[in-house]
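Here the structure comes first, spelled out in structure tokens, and everything after it is commentary.
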Amino acid sequence: MDMLRATPDLRAVLGVGHGRRLLTSMYNAHLTKDYTVRGLLGKATDDFCDEGRLVEKSTYDHVTREKLDRILALIQGSHQKALVMYSSLDLQTQEAYEMAVRGLIRPMNKSPMLVTAIQCIHFAPPEFLIQVQCMHETQKQLRRLVHEIGLELKTTAVCSQVRRTRDGFFTLDDALLRTHWDLHSIEDAIQAAAPRVAAELERSLGPGLGTQQLQDPGRPWDSRGPSSALGLESCAGH
């Protein structure tokens with residue numbers, strides 16, 4: 001297994017040698033990612049980011065935690081309906097039911113950003129922090145999500161930070177600190193992740209597929225060097 005996590009805030013997944021091909025497999029599995037997204041009530045900018053050009057200010061005294069939670073529940077519900085639509089599954093079948101129970105319903109092809117779970121984990125106006133589980137997202141779409149939450153709350157909001165905490169089956173525990181970007185640490189990370197990645201790919205893509213793609217774990221990289229699936233950075237650059 002030649003996959004590793006490169007940074008402590010999960011900005012990128014790197015594939016080295018044989019692991020380069022696994023990046024495509026991860027993409028085809030339509031795995032979800034987790035983010036913590038920080039929003040700021042009371043203003044709107046041209047790019048939905050806190051540092052963008054200010055276009056509007058608004059009051060937010062009427063916004064409560066309960067109202068925010070209600071809006072987030074509506075967003076999650078609408079995106080779950082969209083997920084079923086893009087999966088092209090008949091939910092009346094036993095197969096679809098079993099996939100839903102196991103959390104394996106995925107789009108058949110590329111889709112717009114789909115939010116599979118969203119909740120507020122901190123609320124101290126004008127700031128709020130939400131946890132988002134999603135797929136097929138871009139940084140701009142996550143920023144726009146904060147903007148749309150503000151509009152639904154009858155105010156405005158901008159995004160001040162986006163932080164990825166999970167990418168598929170990689171979490172913060174898999175991240176390598178910059179001080180550990182050395183050959184020994186990278187080899188250890190590859191070997192430690194191999195069994196789990198094989199199991200997860202089999203679970204997501206089908207029996208045997210994960211194992212087939214991990215047949216050469218002893219060769220960490222080749223002369224072509226690493227490739228990566230880049231993550232998202234925060235508006236604040238953190």
Side-chain angles (χ1 to χ4, degrees), residues 1-37 76 79-80 83 86-87 98-111 113-119 121 130-139 141-142 162-177 180-181 185-221 226-233:
M1 170 55 197
D2 308 323
M3 301 289 295
L4 69 144
R5 174 63 61 187
T7 57
D9 57 349
L10 307 194
R11 291 185 184 179
V13 176
L14 298 184
V16 200
H18 182 69
R20 293 155 58 98
R21 294 194 291 274
L22 295 181
L23 293 175
T24 300
S25 297
M26 288 179 60
Y27 177 82
N28 291 338
H30 304 286
L31 302 174
T32 60
K33 304 179 184 72
D34 287 347
Y35 295 88
T36 54
V37 181
Q76 179 171 320
H79 277 256
Q80 286 177 338
L83 175 59
Y86 282 104
S87 71
E98 291 177 356
M99 291 180 67
V101 169
R102 296 167 60 193
L104 294 180
I105 293 182
R106 297 288 185 269
M108 293 295 293
N109 298 294
K110 182 67 175 177
S111 70
M113 181 179 78
L114 294 172
V115 175
T116 54
I118 184 170
Q119 63 175 331
I121 56 178
I130 57 176
Q131 190 172 58
V132 183
Q133 182 183 94
C134 57
M135 62 180 74
H136 301 168
E137 75 291 337
T138 66
Q139 183 180 19
Q141 287 171 331
L142 288 168
V162 175
R163 184 170 184 249
R164 181 182 292 178
T165 58
R166 182 183 61 82
D167 189 336
F169 32 77
F170 289 102
T171 70
L172 289 173
D173 291 337
D174 300 303
L176 290 179
L177 297 173
H180 294 159
W181 290 3
S185 298
I186 290 172
E187 287 182 328
D188 286 347
I190 288 172
Q191 295 301 323
R196 177 162 51 90
V197 172
E200 290 291 346
L201 285 178
E202 284 200 15
R203 177 176 177 269
S204 300
L205 298 176
L209 293 179
T211 304
Q212 290 172 13
Q213 297 184 70
L214 294 173
Q215 291 178 349
D216 187 21
R219 187 171 180 232
W221 42 71
S227 61
S228 67
L230 294 181
L232 305 185
E233 299 181 7

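Positions are given from 1 along the sequence.
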task: Give, for atom OG1 of Thr165 and atom CG of Asp34, the distance between the pair rounded to the nearest 0.5 Å.
output: 4.5 Å

query: With sequence neighbours left out, what residues match Ser111 under side chain to side chain contact (heavy atoms under 4.5 Å, CB included)?
result: Tyr86, Pro107, Leu114, His136

task: Kindly indicate whether the side chain of Leu83, heavy atoms from C-beta on, has any atom under 4.5 Å from the side chain of His30.
output: no

query: Donor-acceptor pair, Arg106 side chain versus Thr32 backbone, under 3.5 Å?
result: no

- request: Taking side chain to side chain contact (heavy atoms under 4.5 Å, CB included) as the test, write out the residues that go with Gln76, two or more places apart.
  value: Gln80, Ala117, Ile118

query: For the side-chain contact (heavy atoms from CB on, under 4.5 Å) test, which of Met135, Glu137, Gln133 pairs with Lys33?
result: Glu137

- request: Compare every heavy atom of Gln131 with every heavy atom of Ile121, then report the nearest pair and how far apart it is.
  value: CG2-CB, 4.1 Å

- prompt: Is any side-chain heavy atom of Arg196 closer than 4.5 Å to a side-chain heavy atom of Asp174?
  reply: yes

field: Gap separating the CZ atom of Arg166 from the CG atom of Leu31, nearest 0.5 angstrom
entry: 8.0 Å

